[in-house]
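Report on the structure given below.
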Amino acid sequence: MFSCSTVSTLLRQYAISWNIVPVRSKNYLNRPRLRNPVWFVKKTRALHDEQFTEDNTAFLNEVKRETILSSAQRNQSNLLQLAHGEHSGHLPQWAPGLKRTGVIAKKIGQYPLWTKDGQKIRTTLLQIVDNEVVKYIPPEEYRPAQEPRQSRNWRKPYGCLLVGAEHGDPSLFTKEYTGLFRDSGVLPKKHLCRFIVSPEAQLPPGTALTVSHFRVGDFVDVRGLTVDRGFQGVVKRHGFKGMPKSHGVTKTHRRPGNIGAGGNKARVWPGTRLPGHMGNRWRVLRGLRILRINPQYNVMWVMGSNIAGNTNGIVYIYDTILPLRRHGAKGVPAGPPPFPTALEPLSPESGDLWLEELHDFRKLSITYSAGSE
């Protein structure tokens, strides 16, 4: 029999290693999950009237504000120590084949941009909200719950970096969930994600990840959860045109019709397009280019308008894995990326950074000489 402390430790390790979020290449996690596993750490607790006075509420808010400010100062000191190589003894250098961490972003809307020759480009705005490193699990301790990845990558073993996003109210979370942040000194986050990284790309707990982690012109992969449409028919789910609207058709206007599974093999063939649950599936768009960056609000403009998810939904951004667009590929204009992250974040006073091919509306587009009529 296991003791209570051992069981709680195992549950916490399982929560970090498997459920806290998606690895982009796991197809078996693509189906909707209606309920969490029994061993999953419960996130929110039942709320009761705590009967706090106004003074107590003001005191708690002041403590939260001071904690956030101290966390920001610690992030700056961590970046300075990382820049001088105080954590690992030397400053790591990027090389082809190394895998950096990703970030957690919020999809906040769509916006058009124009090139200098007048071509319109549809883009999606992604905001990186309060990303901080919570924990690093080295390769010798990282054990995926579903797939023996380390057996396939024994030549180049990967570690696991746990990243949280968006500050949350600690009083709204359970004791087990807040225990994940106990040793990191980070306030409990609303969203958690694990990123598989190379050991050279590890970051100390509390390190902030901003939009400076990427650069204008980089190509990224964006992973999101599609909009949940519930149970839908074949017209909405698969785009069937339906049956005729007249000539004796009765009550079959939006039905699929014959599925062609008669004869000797009288069964439904796998993959037949039939009514069923629509949406709530993980989808990845690869090779999207970053066209514009706003350092003040940590917002990036990414090419494309079909990124999965609702407005204000959570998406995960990685360095692309496409061979012809990833870092170090032949023909990619950008040089090596900030590794393991940007040690000197972009200054908000510098303004937005635009791709060279785009038209910057802050600049003049038409000029007239003094002698023109």
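By convention here, the first residue in the shown sequence is residue 1. Quick caveat: nothing in here was measured; it's all calculated off a predicted structure.
- Inter-residue side-chain proximity for Tyr111 and Arg122 is flagged as unmet; no heavy-atom pair is nearer than 4.5 Å.
- Side-chain atoms of Lys107 come within 3.5 Å of backbone N or O of Gly309 as a donor-acceptor pair.
- For the pair Leu291 and Trp354, the minimum side-chain heavy-atom distance is 4.5 Å or more.
- By the 4.5 Å heavy-atom criterion applied to side chains, Val103 and Val211 are not counted as neighbours.
- With Val134 as the partner, the side chain to side chain contact (heavy atoms under 4.5 Å, CB included) test is satisfied by one option alone out of Leu192, Asp183, Leu161, Leu180: Leu192.
- At distances below 3.5 Å, at least one donor-acceptor pair connects side-chain atoms of Asp221 with backbone N or O atoms of Ile321.
- In the hydrophobic cluster analysis, where Ile, Leu, Val, Met, Phe, Trp and Tyr join through side-chain heavy atoms closer than 4.5 angstrom, Ile128 is grouped together with Leu225.
- Between Val220 and Phe214, some side-chain heavy-atom pair lies under the 4.5 Å cut-off.
- Side-chain atoms of Arg237 never come within 3.5 Å of backbone atoms of Phe231 as a donor-acceptor pair (strictly under, hydrogens ignored).
- Note: Phe52 CZ to Thr57 OG1 = 7.0 Å, rounded to the nearest 0.5 Å.
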Step-by-step side chain to side chain contact (heavy atoms under 4.5 Å, CB included) determination, Glu356 to Lys116: CA-CA 9 Å; Glu356 185 64 27; Lys116 293 181 179 180; 3.6 Å; yes
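- Side-chain contact, Asp55 with Thr53: no donor N or O sits under 3.5 Å from an acceptor N or O.
- Under a cut-off of 6.0 angstrom, the local environment of NZ in Lys245 is crowded, with over 12 non-hydrogen atoms contributed by other residues, nucleotides or ligands.
- Under a hydrophobic clustering in which Ile, Leu, Val, Met, Phe, Trp and Tyr are joined whenever their side-chain heavy atoms come within less than 4.5 Å, directly or via other members, Leu98 and Leu209 fall into different clusters.
- Taking CD1 of Ile108 as the start and CG of Leu126 as the end, the distance is 7.5 Å to the nearest 0.5 Å.
- The shortest side-chain heavy-atom distance between His238 and Leu274 does not fall under the 4.5 Å cut-off.
- To the nearest 0.5 Å, the span separating NZ on Lys189 from CD on Glu132 amounts to 3.5 Å.
- Inter-residue side-chain proximity for Glu166 and Lys106 is flagged as met; some heavy-atom pair is nearer than 4.5 Å.
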May I have the step-by-step check of salt bridge (Lys or Arg N to Asp or Glu O under 4.0 Å) for Lys43 and Glu176, ending in yes or no? CA-CA 8 Å; Lys43 184 176 181 180; Glu176 293 78 11; over 6 Å; no
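- One finds the CG atom of Leu288 at 8.0 Å from the CZ atom of Arg325 (value rounded to the nearest 0.5 Å).
- Under the 4.5 Å side-chain heavy-atom criterion for grouping Ile, Leu, Val, Met, Phe, Trp and Tyr, Leu358 is connected to Val302 within one hydrophobic cluster.
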Step by step, would you call Val129 with Ile104 a side chain to side chain contact (heavy atoms under 4.5 Å, CB included)? CA-CA 7 Å; Val129 185; Ile104 307 173; over 6 Å; no
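- Put simply, Phe173 and Leu60 are part of two different groups of oily side chains (I, L, V, M, F, W, Y) that touch within less than 4.5 Å, one to the next.
- In this structure a side-chain-to-backbone donor-acceptor pair under 3.5 Å is present from Thr174 to Lys42.
- Of the inter-residue distances, the one linking Asn61 atom CG with Asp169 atom CG reads 8.0 Å to the nearest 0.5 angstrom.
- A distance of 5.5 Å separates CZ in Arg223 from OH in Tyr318, rounded to the nearest 0.5 Å.
- The aromatic rings of His327 and Trp94 lie perpendicular to each other, with more than 60° between the two planes, well past the 30° mark.
- Under the 4.5 Å side-chain criterion, counting only non-hydrogen atoms from C-beta, Lys99 is in contact with Tyr158.
- In this structure, Arg100 fails the cation-pi test against Phe195, since its NZ or CZ atom is not both closer than 6.0 Å to the six-membered ring centre and inside 45 degrees of the ring normal.
- Side-chain atoms of Thr210 and Asn298 form no donor-acceptor pair, as typed in the model, at a separation below 3.5 Å.
- Contact check for Trp301 versus Ile290: no side-chain heavy atoms found under the 4.5 Å cut-off.
- Qualifying ring pair (Phe, Tyr, Trp, His ring centres under 6.0 Å) partners for His359, counting only residues two or more places apart in sequence or in other chains: Phe361.
- The other members of the hydrophobic cluster of Val249, by chain and number, are Met243 (side-chain heavy atoms under 4.5 Å, ILVMFWY only).
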